[in-house]
Amino acid sequence: MDGGLPKKPIGLASFRAKFILVVGGAVLFDLLVSGGLALWNVQRLSRDATLEVGQGLEAASQEYIRTYADSTAAQVNLLLKQVHNDVDTLAGVLQAQIDNPVRNSDVGAAIARTSPDSVSLSYDEKGKWSQNAPGSASVVSVWGYLLGQDHQPKPDIERDIQTSAVLDLVAPSLLQHGASKLQMYYIGPRERPIFRTAPYTDQAQTFDRLYPGHNEADFWNFFFPGLYESWQGWAKDAKTRPVADDITQTAPYTDAITGKLIVSFFHPLWTADRQDVAGTAGADITLDQLAETVENVKVAQSGFGFLAMSDGNVVAINSTGEKTLGLRAASGASGTGVTGLERSLKGSSQPAIAQLALDREQGIQHLLLQRDGDEVPYILTVKKLPATNLWSSGPVRQEAMLLGLVVPEREIDASLYAAQAKISEATNRIVIYQIIAILMSLLIVAIAVFAASKRITSGISALAGAAKRIQAQDYSVRVAITSKDEVGAAGEAFNRMAEQISYHTENLEQLVEERTAQIEDQKEEISALNAQLERENRRLGTELAVAERIQLMVLPLQQELEEFQDIEIAAYMRPAEEVGGDYYDVLKNGRRLKIGIGDVTGHGLESGVLMLMVQSVARALQEAGNTDAVKFLANLNSALFKNIVRTKIDKHLTLAFLDYDGKELILSGQHEEVVIIRSNGEIQRIDTMDLGIPIGLEADISAFIKTREIAFEKGDLILLHTDGVTEAENDAGELFGIERLCSEALRLKGQSADKVVSGIVATLMRFIGSQKIYDDITLLAVRHR
């Protein structure tokens with residue numbers, strides 16, 4: 001459409017601006033709500049995913065630590081089990097020799113022949129002990145108190161030296177195979193505690209250096225106090241063993257020969273009758289082997305393991321773990337017995353470690369450990385190893401070592417943090433993409449709404465422009481129809497309307513000329529009619545003037561009113577138009593006096609004619625000597641009814657008469673109230689509704705006519721009036737009323753009838769003021785002199 005509307009900026013009041021605001025606002029609200037919901041859902045999914053991943057990774061990490069602890073415990077157990085097996089094997093061989101003394105002697109003799117270095121001992125003057133020379137598979141040391149005066153082993157000692165040489169046949173093989181062991185040995189019974197160890201070492205020399213006095217002391221009591229006695233108790237009652245196994249494990253101690261921290265595993269040998277102890281077979285493993293297994297624990301980046309005795313003494317841990325757990329190591333150096341290792345968890349500088357409960361497993365524990373002045377969260381899990389017999393000092397007791405794994409939570413949670421970071425990064429990326437998508441959508445929607453608003457409102461704008469051109473009386477404007485929608489329909493309707501306006505406009509001048517000619521003709525016709533009306537008015541005015549004149553002429557003359565000696569009569573009548581409808585008359589017939597007053601409905605010529613009829617008939621009846629008040633009215637009505645029928649005057653009148661014969665005063669007929677002002681100032685109002693009916697309504701009204709005798713004394717004043725008096729209105733629309741009429745009559749009662757009438761009329765005229773007089777006014781005053 002092209003209505004020729006000049007382009008102008010889009011105002012807020014324009015339809016296009018409203019369309020853009022409404023549609024754009026709705027789309028913006030929808031995008032913000034949907035985008036907000038999408039962002040909220042993404043954030044919620046991110047939180048849920050982070051929580052689920054965190055819980056999953058935490059559970060997986062804890063399960064991994066528990067599994068790792070189980071696996072490490074299994075490795076430690078396997079290592080100890082292998083040592084047990086090797087010791088059991090060695091003990092089995094030695095126990096078989098003890099149980100078969102003959103074979104034991106034969107084997108010993110055979111070894112002495114084939115391996116004399118194993119059984120040939122040399123006395124050491126300085127140490128006062130005997131020991132075989134290097135070159136043998138094992139070293140055997142015989143302490144001074146086991147030698148005779150000749151510094152040679154006593155016979156039973158010599159026999160044990162030879163029979164114990166069987167160790168050379170078994171131990172080397174066991175040392176090379178099976179579990180890694182430091183050395184394997186045989187120690188004789190309390191009465192013959194020779195000490196044979198494989199491989200060969202400077203055994204006695206080392207003992208002399210580290211344990212002065214051992215050569216003169218009882219071997220078992222010196223090195224392992226209480227151990228031998230425990231075994232002897234087991235021999236008497238196997239149920240006294242803390243654990244149902246012969247192997248007894250020592251607490252970690254410093255090996256006198258190698259100087260390494262070792263753990264010894266003893267298997268007691270029994271006498272053939274199993275009633276006493278016949279020595280022991282043993283094997284040493286260094287803590288390096290256990291520590292290697294434990295220290296190889298690698299959980300996360302700096303997680304570590306530790307192996308502790310049930311009393312909390314840690315026997316295996318790497319340096320990082322020792323530092324982390326705040327352990328302090330100390331070695332005993334009493335000079336007697338084995339030198340133990342003291343590195344207890346209970347003595348840790350870390351309060352959380354020192355307060356650990358070591359008597360039970362507690363699963364995954366979370367600890368805060370001091371590290372470089374900060375509290376760092378760690379995860380700890382402790383697993384108990386199978387119980388063993390332990391000798392530390394004194395009687396053998398049950399021992400269940402503890403395997404612990406310690407991992408910094410931050411390293412365990414590293415994967416969690418990484419996952420959370422990835423999720424957060426993905427969430428942020430999605431949020432950014434979502435925001436970009438929303439902004440792009442807003443831009444596209446804004447462009448689309450702007451373009452659509454232009455497309456939709458262009459037709460309306462064209463219509464608005466065309467309407468303005470029509471308003472400027474350019475009726476040639478038309479709009480282009482570019483669409484078939486409602487706007488297109490409006491454009492087609494506008495074009496049809498414009499064509500009709502153009503057609504009517506083009507024919508308007510011709511129509512105006514035609515209408516002007518018609519108006520001129522009508523004006524001439526109206527002028528003729530006006531002239532005719534003017535003539536008719538003049539004629540009617542003349543006729544009305546004549547009628548008025550006639551009406552005034554029939555009114556009683558002033559001298560007629562003054563003829564009565566004992567009655568004073570005054571009258572006033574003012575028609576509302578030229579010819580009034582009111583009637584009053586004073587008729588005299590001898591001494592009889594008849595005063596009539598009436599009011600024809602309406603006023604004007606017809607009312608005046610009817611009033612003249614009443615006056616003529618009344619005078620005729622009076623002159624005819626009709627003295628009966630009832631008959632008088634009935635006859636007057638009969639005559640008047642016939643004239644009304646004949647003249648087709650649709651009018652009637654109220655009419656009342658006062659008949660006075662010098663004594664009685666008779667009232668008859670229906671009219672307004674008769675007001676009597678008595679000489680004493682009393683006011684009497686007589687309603688005439690029951691004394692008759694309006695004249696001219698019925699042909700015979702004799703049945704309706706009543707009379708009423710009224711006392712009329714000297715000084716009494718009677719007022720007769722028509723409704724033009726009481727219904728006269730002032731400028732405020734207020735009626736003069738019967739009360740005001742009575743009040744004026746009372747105020748003027750002492751004056752003459754003329755002054756009473758003139759006084760009341762003057763008051764009435766002041767009351768009416770400039771208000772139009774709508775009805776005829778008639779007022780009569782009759783005073784008894």
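Taking 4.5 Å as the limit, every side-chain heavy atom of Asn530 sits out of range of all side-chain heavy atoms of Glu534. Counting heavy atoms from C-beta outward, Asp723 and Glu672 have side chains that approach closer than 4.5 Å. No side-chain heavy atom of Ile695 sits less than 4.5 Å from a side-chain heavy atom of Val614. Looking at heavy atoms from C-beta onward, Leu655 lies out of side-chain contact with His671 at the 4.5 angstrom threshold. Side-chain atoms of Arg747 and Thr763, non-hydrogen and from C-beta on, do get closer than 4.5 Å to each other. In this structure, the side chains of Gln622 and Phe657 stay at 4.5 Å or more apart for every pair of heavy atoms. Using a 4.5 Å heavy-atom cutoff, the side chains of Thr726 and His721 are in contact. Between Leu593 and Ile569 there is a side-chain heavy-atom pair separated by less than 4.5 Å.
Judged by distance alone, with hydrogens and angles left aside, the side-chain atoms of Asp700 form no donor-acceptor pair with the main-chain N or O of Ala634 at under 3.5 Å. Without hydrogens or angle criteria, Asp661 side chain to Arg592 main chain gives no donor-acceptor distance under 3.5 Å. Put simply, the side chain of Asp776 gets close to the backbone of Gly581: a donor and an acceptor are under 3.5 Å apart. Listed for the Asn637 side chain is no donor-acceptor partner under 3.5 Å among the backbone atoms of Leu633. Judged purely by atom type and a 3.5 angstrom limit, Gln670 has no side-chain atom pairing as donor or acceptor with the backbone of Thr688. Proximity of a side-chain donor or acceptor of Asp30 to a complementary backbone N or O of Ala26 within less than 3.5 Å is not detected. When atom types are taken as modelled, the side chain of Glu568 and the backbone of Ala753 share a donor-acceptor pair closer than 3.5 angstrom.
Other residues, nucleotides and ligands contribute over 12 non-hydrogen atoms within 6.0 Å of the CZ atom of Arg538. By the neighbour-count criterion of 12 heavy atoms within 6.0 Å, atom CG of Asn680 is densely surrounded, having more than that number from other residues, nucleotides or ligands. Taking a 6.0 Å sphere around CD of Glu698, one finds it holds 12 or fewer heavy atoms contributed by other residues, nucleotides or ligands. More than 12 heavy-atom neighbours from other residues, nucleotides or ligands sit within 6.0 angstrom of CG on Asp521. Remark: Gln559 CD is packed, more than 12 non-hydrogen atoms of other residues, nucleotides or ligands lying under 6.0 Å away. By the 6.0 Å contact criterion, NZ on Lys588 is enclosed, its count of non-hydrogen atoms from other residues, nucleotides or ligands being greater than 12.
Listed here is the closest heavy atom pair of Val630 and Ser702: CG1-O, 4.1 Å. Between Gln751 and Val756 the shortest heavy-atom distance is O-CG2, 3.7 Å. In plain terms, the two heavy atoms of Leu463 and Gly491 that are nearest each other are CD2-CA, 3.8 Å. When all heavy atoms of Phe641 and Leu697 are compared, the pair lying nearest together is CE1-O, 3.7 Å. Scanning both residues, Leu667 and Ala656, for their nearest heavy atoms gives CD1-CB, 4.4 Å. Listed here is the closest heavy atom pair of Ala703 and Lys706: O-NZ, 3.5 Å.
Between Asp582 atom CG and Met573 atom CE the span is 6.5 Å, to the nearest 0.5 Å. In this structure, Met611 CE and Tyr584 OH are separated by 8.5 Å, a value rounded to the nearest 0.5 Å. The line from CG of Asn643 to CG of Leu612 is 12.0 Å long, rounded to the nearest 0.5 Å. One distance of note links SG of Cys742 with CD1 of Ile676; it measures 11.0 Å at 0.5 Å rounding. Atom NZ of residue Lys642 and atom CE of residue Met613 lie 14.0 Å apart, to the nearest 0.5 angstrom. To the nearest 0.5 Å, the span separating CD1 on Ile701 from CG on Asn635 amounts to 10.0 Å.
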Tell me, with the steps shown, if Asn495 and Arg478 meet side chain to side chain contact (heavy atoms under 4.5 Å, CB included). CA-CA 6 Å; Asn495 288 339; Arg478 299 291 185 274; 3.7 Å; yes
Starting from the C-alpha separation in whole Å, work towards a yes-or-no answer on side chain to side chain contact (heavy atoms under 4.5 Å, CB included) for Ile595 and Tyr660. CA-CA 8 Å; Ile595 303 173; Tyr660 183 66; over 6 Å; no
From CA spacing to verdict: side chain to side chain contact (heavy atoms under 4.5 Å, CB included), Ile777, Met765: CA-CA 11 Å; Ile777 298 173; Met765 290 302 112; 3.8 Å; yes
Checking side chain to side chain contact (heavy atoms under 4.5 Å, CB included) for the pair Glu739/Arg685: CA distance, chi angles, key distance, verdict? CA-CA 10 Å; Glu739 300 294 340; Arg685 292 165 55 180; 2.8 Å; yes
Result block: side-chain N/O donor-acceptor pairs under 3.5 angstrom for residues 707-719, not counting sequence neighbours:
| from | atom 1 | to | atom 2 | distance (Å) |
| --- | --- | --- | --- | --- |
| Asp716 | OD1 | Ser679 | N | 2.9 |
| Asp716 | OD2 | Arg678 | NH1 | 2.9 |
| Asp716 | OD2 | Glu713 | N | 2.8 |

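Side chains of Asp599 and Thr722: no donor on one and acceptor on the other come within 3.5 Å. With no hydrogens or angles considered, no side-chain donor-acceptor pair links Ser752 and Asp754 at under 3.5 Å. Residues Arg740 and Ser743 bring no donor and acceptor atom of their side chains to less than 3.5 Å of each other. Of the N and O atoms on the side chains of Gln518 and Arg515, at least one donor lies less than 3.5 Å from an acceptor on the other residue.
Under 4.0 Å is where a charged nitrogen must lie from a carboxylate oxygen, and between Arg496 and Glu499 no such pair does.
A search for salt bridge (Lys or Arg N to Asp or Glu O under 4.0 Å) contacts involving Glu623 returns Arg619, not counting sequence neighbours. Taking the salt bridge (Lys or Arg N to Asp or Glu O under 4.0 Å) definition, one finds that Asp659 meets it with Lys594, sequence neighbours left out.
Screening Ile693, Thr601, Leu610, Val600 against His652 for a side-chain contact (heavy atoms from CB on, under 4.5 Å) leaves a single residue, Thr601.
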